[in-house]
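We name chains A, B, ... by the order of the sequence lines, and we start the count at 1 in each one.
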There are 4 protein chains.
Amino acid sequence: MPSSRTRHNRGPAAASDNRAAVLAAARSLFADQGYQVPLNAIARAAGVGQGVLYRHFPTRLDLAFAVFEENFAELEALAADSGPEGFGRLWRRLVEMTVAEAAFVEMVVDARRALPDYDGPRRLAALLEEPLRRAREAGSAPATADPRDVLTAVRMVYGVTVTEPDRDHTRAAVERALGLLPRWFPPIPEGG
Amino acid sequence: MPSSRTRHNRGPAAASDNRAAVLAAARSLFADQGYQVPLNAIARAAGVGQGVLYRHFPTRLDLAFAVFEENFAELEALAADSGPEGFGRLWRRLVEMTVAEAAFVEMVVDARRALPDYDGPRRLAALLEEPLRRAREAGSAPATADPRDVLTAVRMVYGVTVTEPDRDHTRAAVERALGLLPRWFPPIPEGG
Amino acid sequence: MPSSRTRHNRGPAAASDNRAAVLAAARSLFADQGYQVPLNAIARAAGVGQGVLYRHFPTRLDLAFAVFEENFAELEALAADSGPEGFGRLWRRLVEMTVAEAAFVEMVVDARRALPDYDGPRRLAALLEEPLRRAREAGSAPATADPRDVLTAVRMVYGVTVTEPDRDHTRAAVERALGLLPRWFPPIPEGG
Amino acid sequence: MPSSRTRHNRGPAAASDNRAAVLAAARSLFADQGYQVPLNAIARAAGVGQGVLYRHFPTRLDLAFAVFEENFAELEALAADSGPEGFGRLWRRLVEMTVAEAAFVEMVVDARRALPDYDGPRRLAALLEEPLRRAREAGSAPATADPRDVLTAVRMVYGVTVTEPDRDHTRAAVERALGLLPRWFPPIPEGG
DNA sequence: AATGAATGAGCCTTCATTCAT
DNA sequence: CATGAATGAAGGCTCATTCAT
């Protein structure tokens, strides 16, 4: 009999619901408050106990991995796109993610520090390989263009994003930054 | 006779030594651990009590202002340099500072947030004005080159720096980033 | 196995015990040391960690509200008392509370400062209304007697209490003070 | 040769100036911020070093004694006043002091706690003796009126003063309190 | 398996008091 | 004697992590 004074323990069946709620809350708070947002704030926003968070995600990194796995998956899906526009779309999405979720980048940094053989950057490089090759073949990228350049450019955009105190100016700041990159990094379409 | 349990009070004459010790410790720890390093760690590293730090620098920003005022001064001195190479030197020094002391950039961000009329960015833009004008006249920068582009580029370099978990790779990562910027941003000379 | 270095985590079931322990410790220390007693002293006296105190009572005022809500409730119960003696009992209890728990008064002052629409004084005035009306009707209070007079008299008794350094003399000092008030404020019965 | 970097050490001749400056600052800050105002705030307001304050007044009590000795002296002068109005003036001045300088009362309390044979209250009682005797003889105070009643009444006024969060209402609150005291305590004249 | 409370270390800040010059 | 800096204890608050139920 559920106590009238405590929340319902909904049992094992709720586990995946809880996990999803934590992930959604984490994504939202990572985006709003950054990667270092207090974990208890995430649990609270998810409407679950602290224990649930730790059960599903023993460390902050585990949680961030799960949150941003979706980002990886989305990027990989986009990379599988065949057209000659593939690289452009991928780049634009990377920029959007960096702007909207700087925590994505911070997570990768944290992971590389904590887990020496974390493969995030390699995974990103790998998914960029083929679209970039096609761009080179199509002449929309120079022969020397390399996935590492793209990852570096993402880090550059990240730098502009996190040093902008006024969110209303972030887009303009990022546009100025993109303007400094080589032309083969397509700019963000207006209003995008 | 100084107590064996408390540190010696070296008297007011030590004030400037202590201030200098705090500044040195702060510079070192800002460089090593970033702008958000605990203030008590700085006091400890300087070999002074907490109170000394607060007496000299009531807030973290006051401390960072004092530490990085030297950076501003150095850059302004460099900017007063005449020759057509002025902008190149300034840019290289900005990059070095950003790499060695990412906290410099973080301080500016914090100041802009906390003190709406903080003039750091304007001061940087102002000192870039003249060297950049000369560079444009000498044809080593395009007519459209603007101090705001330079500040944006610094933020981009910052992004690369703080996302590099392995300090041994920072230089290579920054070089790759500089390679993506327009040619009028001179690269760092080898071994520099 | 609980560590020998850390206290036992008695689990959520202990929550209400802990809350009660904090309240009891707070009441005791408020009475002994006044409203400004360090919060960590309260946590220590309650045998709980700092966090527990902050979890249950995020601010000093929250804690004091909880402690002194009992006082309000007791006074309201007393006020519901019918007979013509109602006001006399209420007054005597108010005096006792003020003497034993000057922090009660200090809490109301703090609340008025921190929360402009704190209703403590209005609540006290309201509960006095009816008993005082009956006292006026019974001729034991003058027609002009007003709840505000009663609250003022409580503040006067408070003044005598907190300026008495020797607790053994507090009763005598308060009796002298009551002797200066109009007769419709019944004195404390001897030995009371 | 006075250093250009530190304030002038004005030598022994300045001692009494400094003492006076500290007293003036202390009176002002005691009145504004209460008896527990930080001592370094007093030194700062007086424009002297901490050491000066401690040299002249080793403890807070020593400082408060010196500040409020003037109050005692003023009251004693007033008490020497012969007319039948003597007590009334004395009482009004006591009330004014209590309202404007609650720290006066707090000092007496602190002194009684710290120095068991502090004679402040006796001194006050003594200076009240004669004026009160005259008032009794003139029929403006009852035969039972006693200096201890007056001191108690001061403590009552103090209670009203320190529990008033809004300084703009202090006068009204005190007037209500005076209205509850026996008639032989003359009220404050309007606008007084 | 979920709950949500407990713990305590850590950091921030203030201020009474001491003391070299 | 004055100066004014140094000290460090104290207290406030937060949050990562653990754990009884």
### Query
In whole Å, what is the span from the CG atom of A:Leu53 to the C1' atom of E:dA1?
15 Å

### Query
Once each nucleotide of nucleotides 10-16 of chain E is scored for protein heavy atoms under 4.0 Å, what B/S/- sequence comes out, 5' to 3'?
-SSBBSS

### Task
Give a yes or no answer on whether the side chain of A:Asp62 reaches the backbone of A:Thr59 with a donor-acceptor pair at less than 3.5 Å.
yes

### Message
Looking at D:Asn18, I'd like to know whether one of its side-chain N or O atoms comes within less than 4.0 Å of OP1 or OP2 on F:dA2.
### Response
yes

Donor-acceptor contacts under 3.5 Å from residues 28-35 of chain B side chains, at least two apart:
unit_1: B:Tyr35; atom_1: OH; unit_2: B:Asp110; atom_2: OD2; d: 2.5

### Query
Between C:Leu63 (CG) and F:dG12 (C1'), how many Å, whole number?
14 Å

### Minimum side-chain heavy-atom gap A:Phe57-A:Leu23 below 4.5 Å
yes

### Summary
In short, C:Ala102 meets C:Val162 closest at the heavy-atom pair CB-CG1, 3.8 Å

### Message
Can you identify which nucleotide, out of F:dT7, E:dA2, E:dA6, has its nearest atom closest to the C:His56 side chain?
### Response
E:dA6

### Query
Do D:Val67 and D:Met107 have side chains that get closer than 4.5 Å, going by heavy atoms?
no

### Query
Can you tell me if the side-chain N/O atoms of B:Arg55 get under 4.0 Å from OP1 or OP2 in F:dG4?
no

### Query
For A:Phe57 and E:dA2, what is the distance between atoms CZ and P respectively, to the nearest whole Å?
11 Å

### Query
With under 30° as parallel and over 60° as perpendicular, where do the rings of A:Phe72 and A:Phe104 fit, or are they tilted in between?
perpendicular

#### Entry: A:Arg60 (side chain) donor-acceptor with A:Val37 (main chain) under 3.5 angstrom
yes

### Query
Heavy atoms, side chains only, cut-off 4.5 Å: are D:Arg113 and D:Leu61 in contact?
no

#### Entry: C:Gln33 CD to F:dG11 C1', straight-line distance once rounded to whole Å
14 Å

### Query
Roughly how many Å is it from CD1 in A:Ile42 to C1' in F:dA16, rounded to a whole number?
12 Å

### Query
Mind pulling the stems DNA chain F is in, i.e. runs of at least three Watson-Crick or G-U pairs, everything under 3.5 Å?
E:2-21 with F:2-21

